[in-house]
Engineer: 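Pasting in a structure now, in structure tokens, and then I'll have a few things to ask.
These numbers come from the heavy atoms of this one structure, side chains and all, not from hydrogens, waters or symmetry mates. Here is the naming used below: chain letters follow the sequence lines, and residue numbers restart at 1 for every chain.
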Protein chains: 2
Amino acid sequence: MTNLSMTIGELARRTNSKVETIRYYEKIGLLAEPVRTAGNYRSYGQDHLRRLSFVRRSRDLGFSLDQVRALLDLALHRDWSCDAVDAIAKEHLAEVDRKIADLQALRRELDSMIDQCGSGSIAQCRIIEALSPKE
Amino acid sequence: MTNLSMTIGELARRTNSKVETIRYYEKIGLLAEPVRTAGNYRSYGQDHLRRLSFVRRSRDLGFSLDQVRALLDLALHRDWSCDAVDAIAKEHLAEVDRKIADLQALRRELDSMIDQCGSGSIAQCRIIEALSPKE
DNA sequence: GCTTGACTCTGTAGTTACTCCAGGGTCCAT
DNA sequence: ATGGACCCTGGAGTAACTACAGAGTCAAGC
């Protein structure tokens, strides 16, 4: 076992977040209070790193903190019925699939713009249409 | 041409947003002021629907309003050099690809949980690990 | 062993992106 | 001609950060 231990600044760097955000997550109970050093500095370990990374990346994917909390609960599925886990997982799966489809549509359009650019000028741009309601 | 025209409430319903959010976007200049009816009601057309849909879905995918503005500018690429369009599009493309990869990892884990549930109970859950830094 | 600069602490105020009233006007089906 | 569902403006409230201020900690170098 790697007995990793880091300061709040290092954790922030590794999870691409701000120091203040980490303290904020601690305050609202999303991240467990870490142990403190003799000088009262927060000291984080591997599980803090994993959990915070999950939170930050989920947020970056457009999930609210409440949804992130639900996903974390799902992850720990402490004494839950399989039916409940199944229902919640399926709901999230549907949303994830929707997001993937939207991102792929956006991706195609960005790609096509870069392509067109390579050949001199941009003939057309449909990135707005990529995320518009299909009629 | 379909000469579509709708109230703010209908636009909200069609774009999965709140009436107040639309008025807020108008206030900060993200959405053009629509024409008004005799009774001072906002009246929206096809392009408002498209643009707002793009904004809402981009937001749902975790882009900030500033990023959305950049994408919209890119979409309209009024008198921009191809180099500029290319650079910005490539930057966004990289981020989009990252997001797709993360969502697919999350998707796999949710899928596997649903699978395990089907066969009685959950043996393991790795959704946190799915979005953790790979060591 | 003392300084100095980068980092941490708590607490509070500011920002972004909405969201929710209050108090009133409009529209239209009965 | 009236009740209910909608719209208007303006302002306050919420979620999720983000940025100080003022003070303490730590390790490197002299």
Side-chain angles (χ1 to χ4, degrees), chain A residues 4-45 48-49 51-73 95 99 131, chain B residues 4-45 48-49 51-73 95 99 131:
Chain A
L4 179 60
S5 155
M6 52 193 152
T7 65
I8 197 168
E10 196 175 343
L11 180 61
R13 213 169 19 71
R14 289 214 211 184
T15 55
N16 201 31
S17 40
K18 300 268 171 73
V19 166
E20 289 88 349
T21 307
I22 299 174
R23 288 198 281 247
Y24 169 72
Y25 285 162
E26 181 182 325
K27 196 160 74 178
I28 63 169
L30 198 64
L31 217 54
E33 294 185 22
V35 291
R36 300 287 184 122
T37 65
N40 201 33
Y41 281 21
R42 290 170 178 81
S43 174
Y44 296 94
H48 283 106
L49 175 60
R51 192 175 165 103
L52 179 57
S53 177
F54 180 82
V55 173
R56 292 308 302 159
R57 290 166 81 173
S58 298
R59 293 283 302 127
D60 185 53
L61 295 171
F63 294 100
S64 69
L65 279 189
D66 273 358
Q67 289 177 308
V68 174
R69 249 187 264 264
L71 282 167
L72 285 170
D73 281 356
E95 189 170 352
K99 287 181 190 230
L131 298 184
Chain B
L4 178 61
S5 156
M6 53 194 152
T7 64
I8 197 169
E10 195 175 344
L11 180 61
R13 214 168 15 73
R14 291 213 209 184
T15 55
N16 200 32
S17 40
K18 300 270 170 69
V19 167
E20 288 89 350
T21 307
I22 300 175
R23 288 198 281 249
Y24 168 72
Y25 285 163
E26 180 182 326
K27 196 160 74 179
I28 62 168
L30 198 63
L31 216 55
E33 293 185 23
V35 292
R36 300 286 184 125
T37 66
N40 201 32
Y41 281 21
R42 287 171 179 82
S43 175
Y44 296 95
H48 282 106
L49 175 60
R51 193 175 164 102
L52 179 57
S53 176
F54 180 82
V55 173
R56 292 307 302 158
R57 292 166 81 175
S58 298
R59 291 286 299 130
D60 185 53
L61 295 172
F63 294 99
S64 70
L65 279 188
D66 272 358
Q67 288 177 308
V68 174
R69 248 187 266 264
L71 282 167
L72 285 169
D73 281 356
E95 189 169 354
K99 286 182 190 230
L131 299 185

Engineer: Counting only side-chain heavy atoms from C-beta out, which of dT8(C), dT18(D), dC8(D) sits nearest to Asn40(B)?
Structural biologist: dC8(D)

Engineer: Please pick, from dA19(D), dT19(C), dC9(C), the nucleotide with the shortest atom-to-atom distance to any side-chain atom of Glu20(A).
Structural biologist: dA19(D)

Engineer: Report the nucleotide, chosen from dC18(C), dC7(C), dA16(D), that has the shortest atom-to-atom distance to any side-chain atom of Leu65(A).
Structural biologist: dA16(D)

Engineer: Could you work out which one of dC18(C), dT18(D), dT8(C) sits closest to the side chain of Arg59(B)?
Structural biologist: dC18(C)

Engineer: Please lay out, stage by stage, how Glu26(B) and Arg42(B) fare under the test salt bridge (Lys or Arg N to Asp or Glu O under 4.0 Å).
Structural biologist: CA-CA 11 Å; Glu26(B) 180 182 326; Arg42(B) 287 171 179 82; 2.8 Å; yes

Engineer: Less than 4.0 angstrom between a side-chain N/O of Thr21(A) and OP1 or OP2 of dT18(D), yes or no?
Structural biologist: yes

Engineer: Which pairs with one or both residues in residues 59-68 of chain A pass side chain to side chain donor-acceptor pair (under 3.5 Å), sequence neighbours excluded?
Structural biologist: Gln67(A)-Glu95(A)

Engineer: What is the distance, to the nearest angstrom, from the CZ atom on Arg23(B) to the P atom on dC21(C)?
Structural biologist: 14 Å

Engineer: Ignoring backbone atoms, establish whether Tyr25(B) has a side-chain N or O less than 4.0 Å from OP1 or OP2 of dC18(C).
Structural biologist: yes

Engineer: Report yes or no: does His48(A) contribute a side-chain atom to a donor-acceptor pair with the main-chain N or O of Ala32(A) at less than 3.5 Å?
Structural biologist: yes

Engineer: Cation-pi between Lys18(A) and Tyr24(A): NZ/CZ under 6.0 Å from ring centre and within 45° of the ring axis?
Structural biologist: no

Engineer: Respond yes when some side-chain nitrogen or oxygen of Thr7(B) is under 4.0 Å from OP1 or OP2 of dC7(D), and no when none is.
Structural biologist: yes

Engineer: Tell me which nucleotide among dT12(C), dT19(C), dC17(D) gets nearest to the side chain of Lys27(A).
Structural biologist: dT12(C)

